[in-house]
Amino acid sequence: MCGIIGYVGEKNAVELLFSGLKRLEYRGYDSAGVALIAGGRMTVFRRAGKVDELSREVLPQGISARVGIGHTRWATHGPPTEENAHPHLDCRGKIAVVHNGIIENFRPLRDRLIAAGHSFRSQTDTEVLAHLIEEHDEGDILAAVQAAVRELEGAFALAVLSEDDPDRIIVARMGSPLIIGKGDGENFVSSDIPAILG
Ligand code: GLU
């Protein structure tokens, strides 16, 4: 089980996410990624390997974003490849999910979602979350996440970003740690306190 970081506020989310990911490194991980809403569009970067390699790819691009989520992964379902790295996206590329833990009932959920026409791109248990939220999405992302998590078994912490509702991060947890840091005009989310202490 590894790390989650999220930021929404007036500062540049890109730099804050990477400094949070660096502070989560001590937990151990095999891959890392971030999802940002930049210029109104969902933008995802992820790769197997070190946070530093990812940040060397992303930071020089000078992307400006006011909201984003990041993840360090310790693979439980599917090898540590780029396609299995979080964030995972729904079919439309509008909903991004990062997740710590294990979705115990992901197989029947995945079968049902594939039968309903969803295309999966990874071997993770996590990707079912993105498609399940998409399936429940009728224009209210909070309601969609609430409906999706009611179907889950296992221990999890997750953070969700939607291109259609770019001013907030939806979070949920059951049996895995996740904390919210409330600020003045900004909020953080993290799987542990050291990542947002600064
Ligand atoms: N079970 C998920 C995966 O294998 C999340 C693992 C984690 O907590 O980093 O992708």
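Remember, it's 1-based here, ligands and their atoms both numbered in the order they're listed. Note that the numbering runs from 1 along the sequence shown for the chain.
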Which atoms from ligand 1 have a heavy atom of [X] less than 4.0 Å away?
X: Thr126; result: 2 (C), 3 (C), 5 (C), 10 (O)
X: Asn100; result: 8 (O)
X: Trp74; result: 6 (C), 7 (C), 9 (O)
X: His71; result: 9 (O)
X: His77; result: 4 (O)
X: Cys2; result: 7 (C), 8 (O), 9 (O)
X: Arg73; result: 3 (C), 4 (O), 9 (O), 10 (O)

Would you say His77 and Asn84 are linked by a side-chain donor-acceptor pair, where the criterion is simply a distance under 3.5 Å? no
Return yes or no for this condition: an N or O of [X] is under 3.5 Å from an N or O of ligand 1.
X: His86; value: yes
X: Asp125; value: yes
X: Ile102; value: no

Give every residue pair that meets the ring pair (Phe, Tyr, Trp, His ring centres under 6.0 Å) criterion with at least one member in residues 129-163, sequence neighbours excluded.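 For residues 129-163, and leaving out neighbouring residues, the ring pair (Phe, Tyr, Trp, His ring centres under 6.0 Å) pairs sorted by first residue read His118-His131, Phe120-His131.
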Should we count CG of Leu59 as having more than 12 external heavy atoms under 6.0 Å?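 Atom CG in Leu59 is crowded, with more than 12 foreign heavy atoms closer than 6.0 Å.
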Decide if atom CZ of Arg41 counts as having more than 12 heavy atoms of other residues, nucleotides or ligands within a radius under 6.0 Å. no
Which value, rounded to the nearest 0.5 Å, describes the distance between Leu132 atom CG and Phe106 atom CZ? 13.5 Å
What I'd like to find out is whether the side chain of Leu161 reaches to under 4.5 Å of the side chain of Val67, using heavy atoms alone.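 They are in contact (side-chain heavy atoms under 4.5 Å apart), so the answer is yes.
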Could you check whether any side-chain heavy atom of Asp125 comes within less than 4.5 Å of a side-chain heavy atom of Thr76, counting everything from C-beta outward? yes
